[in-house]
Amino acid sequence: MSVAKDPNKDSKITESLLSTNFNNPLSFAPTDWEGLLNQIKEDARQYLEAMREHPVSVGAALPLPAFQRLPENGLGLQQVLADFKKNWSPHLVGSSGPRYVGFVTGGVTPAALAGDWLTTVWDQNTQAVTGQGDVSARLELATIGLLRELLGLPDSLIGGFVTGATMSNFTCLGTARQWWGAQKGLNIALDGLRQDIAVLTATAHSSSIKCLSMLGMGSQNLTKVKVSKGDREIMDMEDLIDKIKQLNGQPFILISSAGTVNTVDFDDFEQIGALKEKYNFWWHIDGAFGAFAACSPEHRHLVKGWEKADSITIDGHKWLNVPYDSGIFFIQKTHHLATYNTFRNSNAPYLGEISGDSLLEKFNYLNFLPENSRRFRALPAWFSLNSYGKRGYQAIVENSIAQAKSLSDWIEQQPELELVAPTRLNNICFTLSANSRDSIHLEDENKSVEKFLYQLNLEGKVFMSPTVYRGRTAIRASFVNWQTSPADILHIQTVIMQTLGRYKS
Ligand SMILES: Cc1ncc(COP(=O)(O)O)c(C=O)c1O
């Protein structure tokens, strides 16, 4: 039996969805855009103006909001905003603020904020550089050009935006895998991986290892190069050469670091570049945040020679201070076929097949990186790079390094604290000294450091991460936020002392 359909019902619903204001539960399109935007703007203003003091961690005392059922009839945007404000946003932490120095967490410059809001307003699907589509891919390529200039990289490198450094490493190592196959007359993208690929590294970030799993290369199929002597985290070049010789001329992939995660150490790129003349390998540099040392004339020497690398990873949401999610990959244009063969969409005529020479003229991100549909995520970076220029980024980078050094110098002077690693750039690794562990009666070093860090973060005034350096549990502070000032460093010192004081009393 067929049910008689009210012909007016659908059109009534559609009318209601499209025409009512945003207080109406059945409203998609507020006639009152101004009211909606003003309300969000006001909430954002309140957070941004008080960000410095916003708690950077939330104590366990606050009960977590409950999961709600999906409403049959929408609640209306007004009520949802009120619910978010009351139940969810009190749990959000001020991770974009100047005293959140955990992990490697950048902030959001005002220009990046403007670009990011407009990214959502325009909601482009950023793909082709030419054709009848939008110009967002062209702006992305332009932003890659600005980044090359900022970092002093040559225009032999092409690049794009992905969600973060992990996906950038994935894009670069995926291309490296294809290149490796081509050296052996194999097409891994077509036929799959049937042989082990030799991958050499000393202190690759965990995300690169994860990429080896994701790419089917195996996270255990890694040849570990010895770390240099003398409290360094970089490759020992003699050992690297020995390991290369053991490969008897087989092609391989080398993962090197522009800024290791604990002490921001840099591999010797001039020496690695010289090895490229002699041996056949793909050279990848993970410079997620350390690459930004290139913005500072005083520190640029750390990346000397890196322009010969086959691929480079950097992060936007770290020292570039654009919001999550933003990572950037650079790959030498000469490898564009390997990238294309790895990420092309075959079997989808509607996506367009391009071949051979026209690849770069008809450039389309769709066939050059993992995602098909993709956010216009270059826009915040474009806004920020153009707004502050080379000098602006030099100032951000040099300020971060200065603040890290000032806290590190202070730690060195405190009998209760001890640096566990040299402070090279913008990261500090420290622990409680034996002396203070005794006085606060915490027997085991690792446990006492964990407990101290938990208490330090609990106050919500500073946020740091745990780490392990040369087998010792330690506390790590990483400075990349554009706003961190000497006043914040004093504040951090006070909170550290107050936390130590709790244990003494
Ligand atoms: C050196 C390095 N590489 C890669 C990553 C991964 O970055 P993401 O979290 O943006 O994927 C990080 C993150 O801290 C990093 O420090």
When rounded to the nearest 0.5 angstrom, what is the spacing between [atom1] in [X] and [atom2] in [Y]?
| X | Y | atom1 | atom2 | result |
| --- | --- | --- | --- | --- |
| Asn367 | Phe343 | CG | CZ | 11.0 Å |
| Met217 | Arg177 | CE | CZ | 7.5 Å |
| Glu140 | Phe376 | CD | CZ | 8.0 Å |
| Asp409 | Thr423 | CG | OG1 | 8.0 Å |

For [X] and [Y], work out which heavy atoms get closest and say how close.
| X | Y | answer |
| --- | --- | --- |
| Gln124 | Ser136 | CB-OG, 3.7 Å |
| Ile285 | Ser257 | CG2-C, 4.4 Å |
| Asn427 | Thr260 | ND2-O, 4.4 Å |
| Ala111 | Ser384 | CB-CA, 3.8 Å |
| Phe463 | Ser57 | CD1-CB, 4.0 Å |
| Glu307 | Pro154 | CB-CD, 3.5 Å |

Discussion item. Has Ser465 got a side-chain atom pairing as donor or acceptor with Phe103's backbone, closer than 3.5 angstrom?
Written reply: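 Such a contact is found between Ser465 side chain and Phe103 backbone.
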Practice prompt. Measure from the side-chain N and O atoms of Asp286 to the backbone N and O of Asn169, and report whether any donor-acceptor pair falls under 3.5 Å.
Written response: no
Worksheet entry | Pairs satisfying side-chain hydrogen bond (donor to acceptor under 3.5 Å, both in side chains), at least one member in residues 113-122, at least two apart | Asp116-Arg375
Surrounding [atom1] of [X] (heavy atoms of other residues, nucleotides or ligands, distance under 6.0 Å), is the total greater than 12?
| X | atom1 | answer |
| --- | --- | --- |
| Arg45 | CZ | yes |
| Arg138 | CZ | no |
| Glu298 | CD | no |

Item to complete: Specify whether Tyr340 and Phe368 have parallel, tilted or perpendicular ring planes, treating 30° as the upper limit for parallel and 60° as the lower limit for perpendicular.
Response: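 Taking Phe368 first and then Tyr340, their aromatic rings sit tilted (interplane angle of 30° to 60°).
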Item to complete: If the plane angle is over 60° it's perpendicular, under 30° parallel, otherwise tilted; pick one for His335 and Trp282.
Response: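 Ring orientation of His335 relative to Trp282: tilted.
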Worksheet entry | Pairing residues for Glu72 by the salt bridge (Lys or Arg N to Asp or Glu O under 4.0 Å) criterion, not counting sequence neighbours | none
Worksheet item: Is it true that the side chains of Gln403 and Asn399 contain a donor and an acceptor less than 3.5 Å apart?
Response: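 Yes, side-chain donor-acceptor contact under 3.5 Å.
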Worksheet item: Picking from Val303, Leu150, Ile396, Asp315, what satisfies side chain to side chain contact (heavy atoms under 4.5 Å, CB included) with Phe292?
Response: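 Result for side chain to side chain contact (heavy atoms under 4.5 Å, CB included) with Phe292: Leu150.
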Practice prompt. Sequence neighbours left out, what pairs pass salt bridge (charged side-chain N to carboxylate O under 4.0 Å, His left out) with at least one residue falling in residues 149-165?
Written response: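 Salt bridge (charged side-chain N to carboxylate O under 4.0 Å, His left out) check on residues 149-165 returns no pairs.
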